[in-house]
Each structure stands twice: as C-alpha cells, then as structure tokens.
Amino acid sequence: MNQDRPVSAEKRLLFFLLISFGVLFLYSSVFTPKKTPPTPEPSPAAVGSGTEAGSGAPPPVPLEAGGGDVSGRAPLSPVAPAAGIETVVEQPEIRWVLDSWGAGVKGARLKGYADQPGADLADPAHWYPALSDFSSDGRTLAPDARRSLALRVLTADGVVDGSLPADRVLWERTEASADRVVYRLPLAEAGLALTKTFRFPAVAPGTENGPFHLLVAVGCEVTDPARQAESGRKSFRVRLTGPAGMPVEPFTTGVTVIGAALLVDTVSVEEFSPPGRATAAPEVFPKPDKQGADRLIEWAGMHSRFFGGVLKPLDPRAAAVRQAVFEPIRDREPQGKEVVNLAPALDFDLPAGESREFLFYVGPMDPKLFRDGEYAPFAPIIDYGLFGFIAKALVILLGVLRSATGSWGLAIIALTLIVRLALFPLSRRSQVSMQKQGRQMARLKPKVDVLRERYGKNKKKMQEEMMKLYREEGVRIFPMGCLILFLQLPIFIGLFQALRYSIGLRHSSFLWASDLTAPDRLCRFVGDLGIIDLTWLNVFPLAMAVTWYLSSAMAPKPADPQQAQTAKIMRVMTIFFSLLLYNYPAGLALYMVVSSTWSIFESRLVRKLIAAQEPPASPVAATFRKGK
C-alpha cells in the first residue's frame, strides 16, 4: 500500500498542473482584452490662444425636438458661434488646453513628468498627458466619450436633457487671459445664459511646487428678466463632468474612481473599480436611498497608479451636490488593448442668477502634496490597503535610502535587507520551530506507520489516534513557525504596497531596466504566445523563479509523506507563478529576488546554528504492532 502512494501523488501533481495551465489559458482567452488597431486621428487643430479649430472640430450636434423640462415648456436653442476656439494656458506645472466646443478641458499635460522613460522634458511633446478628450490621441472608441468639465443639463428626474446638449455645442469665448478664461452660452428664449469662468491661480509664495489645479465657476446669468419670468425657468439641474480621459498607465489594471460624502463633520470614502463593460450602468454615490441634506458630496475623482484627478466644490454646503455619478467609457491602454475608463461627474442645482465654484485638481498622487493645504482633503486617494500605516512608514524610509544611495534600485535592495534583518529574530524562531517539529515527526514516524497500517481503512479513527499520539509525545499540530509567518505578513504586504504605489519609482532606471514600474525588458524575445507575452526577455522574473525554487528547496523536509508531497508541489508551482508574474514591474521583482536570496542564506545560517546547539535525536522504536 505504501509503495503505491508516490505514484498516486505524481498523478495528482500532473493533474494539478494541467488544470492550472488550463485555467490560465481560459483566463487569457476570455478576459484579456483583444488588441485593436488605433482609430485614425482627426486632423489636429492649431493650438494657441485664440486659434480657430478648423477641420479638427466635431460636427455640430443637432438640437433634438422634445425633451426639455418636465413642465412642458418649449426646448431651448443655444446661440453659439460658428467655429470653435482653443485656448492654451501655461502654468508652472501644467499646460491646460481649453476648447469652446462644450467649454471644457480638451487636454492637460504635466510638465514635470515624462510620458515615457528617458524622454526629454525640454520637449513639450513628452510632457505627461494627464487628460485628453479621447479624440486627440487616437483613443476614441465611443461617440459619447466625455470631456473634462463639460456641463450637461438634466431633466427633473435626472436624465440628460437631449434638447439642450450644452456639452455638444460651441460656447462663446468672451474673455481670455493668462489667469482667466470665460465662456458663455446664451439661451435667448429663456432670457438666460449659462457661463463658465476658468481661473488659474499663481504660484503661492514660499511653495515648492506650482499649483496643480484650476478653479471653475459654473453660473446662470439672467440676461432678460422679462423673458426669464415669462419662461418660468428659475433653475437648471446640471451635471458637471470631472477628470475624464485620464490615460490607463502601462502594466496596471486600469483606473479607479473615488467618491466622498460629507457627513456633517466627517468624510466617508468609497472606491469603485472599472466595470467589466463600457455599457454597464453608471455607479452612483451615495446610493439614492442614502442621499440627503446630511450627505453632501465633498469631492469626487479618479486615479490611475501614479496620477489622479479630483473635482471638489469649494463650498460643499453652498453647492449642495447630492450625488456623484461615475460613467464607464470605452478606451485603449498604451499597448492597444481595449479597457474601460471612467468619468466622474457631480449633479447639482443651478438657480438663475447664481453660480457654483469648484476646484479641479490634476496631478501626481504624491503624499507630500496631500499633506496639508488645499489638497489635504485628497489624502484618502492614496490608499495603501489594510496595512497602510506600515506602507507609509516604508515609503518614507525608501525615500531616505534613495537620497543616501542616489538610486531607487539600490534603495529597494537596501530597504529589503533592512526589513529582512529586522525580521530575522522572528524568522529564525520560525525555522527553529519548524525544524524541531520535523525532527519530532521523524522520530515518531515508526509509530505513525503502525497507526496507518492498523486504521488505514478507518480515517476518522486513525485521525483520533494520531492526535492522541501527538499529545502524548508533546508534538504541536501547528508549529510556532506558522504563527510567526502570519505575523510577518503585514510587513511584507506593506512593503509590497509601498513599492507598488511610490511615484518616485516611476521611470527610474536600474541596471538594464529603464523603468522600475515596468518589466525590465533586457532584449527582444519569442513573442506574444497568447497565454503569456514573451515579446521581451525579462530577467528579474526568471531570477525570482530560481531564487524562489532554491529557497523552498532549502526549507526543512517534512517527515510526513503527504506533507513532503505538498512541499514538492509548491516547489514546482514556483515555475507556474513565474509565468504569471513574468511581466511584473521590475521594482517588485527586484524586491522578491533580494528577499528570496536572503532566505537562502538565512536558511543555511539557521541550520548551522541549530546543528551547533542541539545534538540529533534518536528515533523512537515502534514498540507496538498488535493490539493497543
């Protein structure tokens, strides 16, 4: 019977590997978005203050009949100029591009961040495109893609009013300067005009960075009181789109939207990940049944891995924003795969003769920026997870090591060694406990074999007798080492999150890796095999697999055959995991290589210490063969 066990275990191992690769293949085939050729870009309009947008402007949207206000009043026809005008505003940190088509933000480029590793920031073409309108860079996959700070008029029941497409018509630009741009959309039938006023703050004295925001005031002017009184329109219900068109960064899972409700004195934050389909229903926060005067919106936004955008009422009480709406939009990521992007928006009432002012932030997710000042409310955007307090401390330590070594790669190595050295007492105790249990199990193996022979057909009775034997011999069922490993997990998770979301690592090079937040890509390799993309030879994940295998091979060998077979499966699984993590960011792979290498030498050291302190134990004879 014992001779057949290894054959059965080998079959189970083969079956397990076949199932694992089958699941990986199905996941890659079903859930991985397919690459599609880029949409041909429209002919670009000239960029510059007061430049007319020629053929690059989209065709006018005809005003639909019907719709309008639920009271039955006639739909309004906005009066607009015949040609669109782009306005470029330069700030120290951002170049803003506004467009009279919808009076929104057509683009925003961050001057201090490059769009690709090694790019020259002296060339504006390489400034990071934090926002776009989905049409200027070939990303458009849907005709209803949103533009940042576009304004839509809603009906009384919250549906977009098709008879007044304020986001799809040209607005009149009435003023343009370095610090102020004003747009106006006359509604002659109602004696009203919708207005947008963009203000660009100057650099505050004594600040390290320039502003990463603009201020926008959305208003409703009364241009003809008699007509306004005759029309009966006293207010509009509107939806102001926040940061839309934020690109999905390479080697990330997408973008995440943030909602924050103001609850009297506190703010509750909720994150939404992109839905699986662009046709999915929009997310609403707070849910309709939880909305009310005591749940006003403090701010709403979205972020990718390193950059974020936020739309915040300057006075939440005055704006009285009751809900944030997060709309899915079809998009492409840099590799050309289809993804789902998101556009957050705020719904509020706009009375005639009044305006509502908002702060619009677009910039890096940098803890230093969110530490205090007007950006302090946005600190919850940087979420390091369950053990965030550990991750925050490690981020600070990583920055100190970067300043000391001059290299983010060396800083990662130093941080990993410091953390593993600090955990050495726990790790040593864990290995001692596990090796002690291994020797105890080896010593009891003759008695365990007897129990298996005696009660092999009665599993329940065999388990009871084995538990009794363990208690009599003082053997722990779960060694102390398992508990110590669990105690180490918060530190490892915190370190993982710290490396994953540290914006300083972005585009930082080490050895042959040009970007530690992307795969190391030593040279061209096999190609995209469908199940796994081997277009590039990534050395760090391969080194990670080797060190993982050697580290697991150095672990104490269990005396129990079943446990030994499980350990063997885990060693083989390191190859499978290396395939899953083949396109892992180089910084995280470097951390795992250093950590696993440390484990190899640590295991050798602990073995020597144990051998020097404790003589080998003599085996226990099997003193019972028949009866009890």
Side-chain angles (χ1 to χ4, degrees), residues 93-94 105 108 110 112-113 128 130-131 148-149 209 211-215 240-249 252-263 266-274 283-286 296-314 316 321 323-327 341-346 358-396 398-399 493-494 496-506 517:
E93 304 289 348
I94 305 180
V105 176
L110 303 181
Y113 298 88
Y128 181 73
L131 292 178
S148 300
L149 298 185
N209 301 103
F212 284 94
H213 72 277
L214 59 77
L215 300 175
L240 182 63
T241 302
M246 180 170 292
V248 178
E249 296 176 59
T252 61
T253 56
V255 293
T256 303
V257 294
I258 305 289
L262 179 64
L263 306 176
T266 61
V267 175
S268 64
V269 179
E270 184 173 339
E271 285 200 356
F272 309 106
S273 295
E283 287 273 5
V284 177
F285 177 80
L296 303 179
I297 297 297
E298 171 78 4
W299 46 260
M302 62 187 294
H303 69 84
S304 54
R305 185 173 170 187
F306 299 116
F307 299 96
V310 180
L311 181 63
K312 179 188 186 303
L314 285 188
V321 178
Q323 70 177 17
V325 180
F326 304 107
E327 301 175 290
N341 210 312
L342 290 152
L346 300 180
F358 298 83
L359 183 149
F360 184 58
Y361 173 88
V362 178
M365 291 174 57
D366 190 340
K368 293 182 293 185
L369 283 176
F370 299 159
R371 191 170 300 157
D372 49 31
E374 54 197 341
Y375 302 152
F378 310 150
I381 294 179
I382 305 178
D383 183 11
Y384 291 113
L386 181 61
F387 303 105
F389 65 99
I390 297 176
K392 291 177 182 177
L394 293 175
V395 166
I396 296 174
L398 186 65
I493 293 175
F496 177 89
Q497 294 293 88
L499 293 177
R500 179 171 175 79
Y501 293 108
S502 295
I503 191 169
L505 289 175
R506 182 179 181 271
T517 65

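All heavy atoms count here, side chains included; hydrogens, waters and symmetry mates do not. Here the structure is a predicted model, which is why all the values come from computation and not from measurement.
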- When you measure from the side chain of Ser148 to the backbone N and O of Ala244, does any donor-acceptor pair fall under 3.5 Å?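 Checking the backbone N and O of Ala244 against the side chain of Ser148, a donor-acceptor pair under 3.5 Å is found.
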- Message: Donor-acceptor check, side chain of Arg506 to backbone of Tyr113, threshold 3.5 angstrom: yes or no?
- Response: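 No; zero donor-acceptor contacts below 3.5 Å.
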- Item | side-chain hydrogen bond (donor to acceptor under 3.5 Å, both in side chains) partners for Tyr375, two or more places apart |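 So Tyr375 forms a side-chain hydrogen bond (donor to acceptor under 3.5 Å, both in side chains) with His213.
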Grab the two heavy atoms, one from [X] and one from [Y], that are nearest each other, plus how far apart they are.
X      : Y      : answer
Leu296 : Pro316 : CD1-O, 3.7 Å
Ala324 : Ala300 : CB-CB, 3.9 Å
Met365 : Arg305 : SD-O, 4.1 Å
Ile94  : Val362 : CD1-O, 3.3 Å
Pro377 : Glu298 : CB-OE2, 4.3 Å
Leu359 : Glu374 : CD1-OE1, 4.0 Å

- Could you label the plane-to-plane angle of the Trp299 and Phe378 rings as parallel, tilted or perpendicular, counting under 30° as parallel and over 60° as perpendicular?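 Judged by the thresholds at 30° and 60°, the geometry between Trp299 and Phe378 is perpendicular.
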- Task: Measure the CD1-CE distance between Ile381 and Met302 for me, rounded to the nearest 0.5 Å.
- Result: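 If we round to the nearest 0.5 Å, Ile381:CD1 and Met302:CE are 11.0 Å apart.
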- Evaluate the side-chain contact (heavy atoms from CB on, under 4.5 Å) criterion for residues Leu240 and Phe360: first the C-alpha distance (whole Å), next the side-chain angles of each, then the deciding distance (0.1 Å), finally the verdict. CA-CA 11 Å; Leu240 182 63; Phe360 184 58; over 6 Å; no
Within the 4.5 Å heavy-atom criterion, are [X] and [Y] side-chain neighbours or not?
X      : Y      : value
Lys392 : Pro367 : no
Phe370 : Pro380 : no
Leu369 : Tyr361 : yes
Asp366 : Phe212 : no
Leu311 : Leu149 : yes

- Query: Taking only residues two or more places apart in sequence or in another chain, which ones pass ring-ring contact (aromatic ring centres under 6.0 Å, His included) with Tyr128?
  - Reply: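 For Tyr128, the residues satisfying ring-ring contact (aromatic ring centres under 6.0 Å, His included) (neighbours in sequence not counted) are Phe307.
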- Output all residues satisfying side-chain contact (heavy atoms from CB on, under 4.5 Å) with Val321, sequence neighbours left out; order by chain, then residue number.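 side-chain contact (heavy atoms from CB on, under 4.5 Å) list for Val321, sorted by chain: Ile297, Pro313, Ala319, Leu346, Phe348, Phe358.
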